[in-house]
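Worksheet for the structure shown next.
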Amino acid sequence: MSVRTHWLFNVLVQAGLAPEPAEATLDPMLSVDEAWAKAMELFGLDEDTLTALVARRFDLHAAQLENVDPSAAERVPIELAQRFCVAPLRKDGRSIVVATANPTDHDAEQNISFLTGTRPIVEVGSPARIREALQRVYGTEEPKELATPADALQKSESELAIDIKSADEIGRAQTPEVDAEELESGPVVKLANLILRDAVEMRTTDIHIQPTSGGGTVRFRVDGVLRNYMELPLPVLARVTSRIKIIGGMDISDRLRPQDGRARITVRGRSYDLRISSVPTRGLEKTVIRLLDPEGSAKLENLGILPEELTQLDALLRNRNGILLVTGPTGSGKTTTLYGALRKLMHDSVNIMTVEDPVEYELSGLTQIQVETKRGVTFASSLRAILRQDPDIVLVGEIRDAETAEIAVQASLTGHLVLSTLHTNDAVGTVRRLSDLGLDTTAICETLRGAVAQRLARRICSNCAESVTVMTEREEMFSQRFGRHPRVRAVGCDLCGQTGYLGRIPILQILRMTPELEQAVREDAASDEVRRVAEAAGMNSLLESALMRVEAGKTTFDEVERVLGANAGLCRERNECPDGQGQGRPTVVGGISLSASPEGRASASHVVASSEETGAEGSVALIGADTPLRDVVCHLLGDADLPMEMPSDARYWVTPPRLIVADLSGIQSTPQDWLPAVRRLAPDSAILCVGVADAEASLATLLRLGADAVLSNRFHPDAFLAQVESLRQRQMADRSGAWPTSASA
């Protein structure tokens, strides 16, 4: 009968170092550390030799563990790294390179792939050197294990004491507190209480209870970033989800439709509102719980807003009529900023009323109305009723339809100051969005006083922040790119959960209506022209605002890149203005710097561009296009239901764009100078060259250089759409490209 042995012993046998004596075999139950130590002892090998043998056996590289990229370590939790004895080394495009002492451990690869969303590339290192690398990267402190359901059962009743109110009880102002003993019986109830209590204590804004193929995971969003908190078996996850739905007044028997619920809990004497959402996923349910602190609103001065921005906001808030809008994506702190403004405006002589969904903060002195669509209480109906209550200032939680927008305009025209939120990418987009809602340019000019676009970036932890005396290679790269110098860098400590960040600060872009801007809006100017006029009047971009906070030591370049990325106008700061206004600033496209010549055309010079940092998935990039062509392409592709993000600077692309439209008439250099570089940088992108004087004569040359299709300088819109559709079909067939379906082509 053959002797079953450890995989590492088989490596030595195949290398001819072990004659396979029974007494020299390695027990297959040995841990990876024990197996390596035993193999080196039995056969007189050092770590480097054994590492080389294992790497050769599995056709892998031996890992260089001296230099570990911190950005790669951020992607892999320390709990996972120590559990599987793996060290994250570096990011490689869409992959992450990790060192392992056991190349046969497929569980480690699957877990890394799941948690990082990337494909792991494995290299070989000894256990001792991997653990030394982990100590250098993550610190010497032992990591906290992910919580398990058993943890909840070991907690005492007093430790898990939280009061819970159902949705109906929230609506009854005089309802007494629910007895905690009625709610805290059984392990599932204790586990749900543990999750909610720990979420509050960790400053969590959202709890994600998510099923996976083999179990479930509970994750907390802290300071805008998700962290793994607990792993659950599927039966336990289903019971916890049902418990949460009971708390929120939802139907636990209906698992096939999305549901919403709400509740209120009290932890250590402080109340928190829960907004609960569940959606069906493959027979299971994913539940997300948003935690709201009704008493958590702060003054504008305490939100981390810069003094010069506070001055601009004060000027806007001195208006006694008109509309002031705060824009940004969900979770960007719009309501917090508006309530900071209300705190500044509150006075005994002022009547302030709000209509919200939900009411996130409770302030004495305000009249606050909760939207209840099922009962006919909508934004529009509430706003009509409010106007009969003689208000001075009205806060509308969100302008989301034409009716609400029209009533808000009427309110502002009759002497009320209206504060509200809107979903746009930046402050300039407010004008276009209001127009899309049905307001004419005259109404917009007469009522809009200003718009504030907002994002949230993590604040550097003051307890562990390290002053920057000598910049790292990555900091040097950002410093040269943006012309700014960082003051501090994130390190990590117990207080901030080893992240280096604690709390968040707003990044603001403030637009104020001026006579020049009103004139541009009345003339229905393009967005680029509106932006130029606003910037001439003193409006900063989101990027400029973020960089000011980096220079002030409030955050870091890495955090700015994480929050803004390619889709928030990063390229606009470093590019030639697409309308041709900003002479002298280089545009970097596809690895080529295109600088404007005196005649307005572009000349090419090579620059360094990393393929790791290239474009947004599914986006469109324009090279050398002037404003008229940009407008035409935007219109055509918008009708075709294609994504309208147009990053033109390769340094800010995250993945290569699906379509690159190159206007040859706007680039002074020859295609031989820039087209091969674009093709190398974006090998799977479709490149469509337009603006060719003689398309037929140039076709062969351009195709040979890397183009996929060519159109003359007088192309018909139908021909353009047909060519885009042809390229889309070709990508899907030849390159497995995931394009959106065209609606018009």
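Reckoned from all heavy atoms, side chains included, excluding hydrogens, waters and symmetry mates. None of these values were measured; they are calculated from a predicted model. When a residue number appears, it is its place in the shown sequence, counting from 1.
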CZ (Arg221) and CD1 (Ile207) are apart, to the nearest 0.5 Å, by 12.5 Å
Does Ser95 reach the main-chain N or O of Lys91 with its side chain, forming a donor-acceptor pair under 3.5 Å? no
Review point. Quick one: are Arg459 and Tyr501 in side-chain contact, heavy atoms under 4.5 Å?
Key: no
Checklist line | Test: Arg270 and Asp293 ion pair at under 4.0 Å | finding: yes
Open item on the list: Between Arg262 and Glu372 (salt bridge meaning N to carboxylate O under 4.0 Å), is one present in this structure?
Closed with: yes
Would you say Thr266 and Tyr272 are linked by a side-chain donor-acceptor pair, where the criterion is simply a distance under 3.5 Å? no
Practice item. Check whether any side-chain heavy atom of Glu109 sits under 4.5 Å from a side-chain heavy atom of Pro120, and report yes or no. Key: yes
Which of Thr205, Val225, Leu291, Ile195 passes side-chain contact (heavy atoms from CB on, under 4.5 Å) with Phe220? Answer is Ile195
When every non-hydrogen atom of Ile96 is compared with those of Val76, the smallest separation belongs to CD1-CG2, 3.8 Å
Check: Do Glu285 side-chain atoms and Ser278 backbone N/O form a donor-acceptor pair below 3.5 Å?
Finding: no
- May I ask you to test the Glu356-Gln370 pair for a side-chain heavy-atom distance under 4.5 Å? no
Separation between OG (Ser277) and CG (Asp206), nearest 0.5 Å, reads 10.5 Å
Of all heavy-atom pairs linking Leu508 and Leu542, the shortest is C-CD2, 4.2 Å
Nearest heavy-atom approach of Ser382 to Val355 is CB-CG2, 3.4 Å
Any non-hydrogen side-chain atom of Pro486 less than 4.5 Å from a side-chain atom of Thr556? no
query = Side chain of His423, backbone of Gly328: donor and acceptor closer than 3.5 Å?
reply = yes
Review point. Would you call Leu422 and Glu398 a side-chain contact if the rule is heavy atoms closer than 4.5 Å?
Key: no
Value for CG (Leu342) from OG1 (Thr354), rounded to nearest 0.5 Å, stands at 7.5 Å
**Study point:** Donor-acceptor contact present, side-chain Thr421 to main-chain Gly397, <3.5 Å
**Key:** yes
Side chains of Asn102 and Thr104: is there a donor and an acceptor less than 3.5 Å apart? yes
Exercise for the section: For the pair Tyr229 and Asp198, evaluate side chain to side chain contact (heavy atoms under 4.5 Å, CB included) and give the outcome as yes or no after the intermediate values. Expected result: CA-CA 9 Å; Tyr229 165 73; Asp198 283 0; 2.7 Å; yes
Heavy atoms of Ala73 and Val137 approach each other most closely as CB-CG1, 3.2 Å
Note: Cys496 and Cys464 closest approach over all heavy atoms is SG-SG, 3.8 Å
- Val560 backbone acceptor or donor facing Arg549 side chain under 3.5 Å: no
Heavy atoms of Val86 and Ile130 approach each other most closely as C-CG2, 3.9 Å
Got a salt bridge between Asp436 and Arg433, using NZ or NE/NH1/NH2 to carboxylate O under 4.0 Å? no
So do Arg197 and Val200 actually touch side chain to side chain, heavy atoms under 4.5 Å? no
So NZ of Lys554 and CD1 of Ile505: to nearest 0.5 Å the spacing works out to 7.0 Å
Could you walk me through whether Thr472 and Arg489 pass the side chain to side chain contact (heavy atoms under 4.5 Å, CB included) check? CA-CA 10 Å; Thr472 65; Arg489 67 170 58 98; 3.8 Å; yes
- Query: Do Glu201 and Arg268 meet the salt-bridge criterion of a basic N to acidic O distance under 4.0 Å?
  - Reply: yes
Taking Thr204 for the side chain and Ala199 for the main chain, is one N or O donor matched with an acceptor at less than 3.5 Å? yes
- Query: Would you say Leu274 and Arg290 make side-chain contact, with heavy atoms under 4.5 Å?
  - Reply: no
task: Show the numbers, then the answer: is there a side chain to side chain contact (heavy atoms under 4.5 Å, CB included) between Ile276 and Thr287?
output: CA-CA 7 Å; Ile276 305 168; Thr287 305; 3.8 Å; yes
Cationic N near anionic O, under 4.0 Å, Arg90 to Glu123: yes
- Is there a donor-acceptor contact under 3.5 Å linking the side chains of Tyr361 and Thr336? yes
- Side chains of Ile244 and Met250 in contact at under 4.5 Å (non-hydrogen atoms): no
Exercise for review: Run the numbers on Leu437 and Ile399 for side chain to side chain contact (heavy atoms under 4.5 Å, CB included), then give the verdict.
Suggested key: CA-CA 9 Å; Leu437 288 174; Ile399 295 179; 3.8 Å; yes
I'd like to know if the side chain of Thr241 reaches the main chain of Leu237, judged simply by a donor and an acceptor atom lying under 3.5 Å from each other, with no hydrogens or angles considered. yes
- Looking only at atom types and distance, does a side-chain atom of Lys245 sit under 3.5 Å from a main-chain N or O of Asp254, one as donor and one as acceptor? yes
When rounded to the nearest 0.5 Å, the distance separating CZ of Arg504 from CZ of Arg455 is 13.0 Å
If the threshold is 4.0 Å, N to carboxylate O, is there a salt bridge linking Glu561 and Arg474? yes
Subject >> CA sep, side-chain torsions, deciding dist, call: Glu309, Ser545, side chain to side chain donor-acceptor pair (under 3.5 Å) >> reply: CA-CA 9 Å; Glu309 295 170 343; Ser545 177; 3.1 Å; yes
Per salt bridge (charged side-chain N to carboxylate O under 4.0 Å, His left out), Asp223 is matched among Arg203, Arg458, Arg562 by Arg203
Is it the case that the side chains of Thr337 and Gln454 hold a donor-acceptor pair, with the cut-off being a distance below 3.5 Å and no angle test? yes
Rounding to 0.5 Å, atoms CG (Asp260) and CZ (Arg275) come to a distance of 10.5 Å
- Task: Verify the distance criterion only: is there a donor paired with an acceptor across the side chains of Ser253 and Asp251 at less than 3.5 Å?
- Result: yes
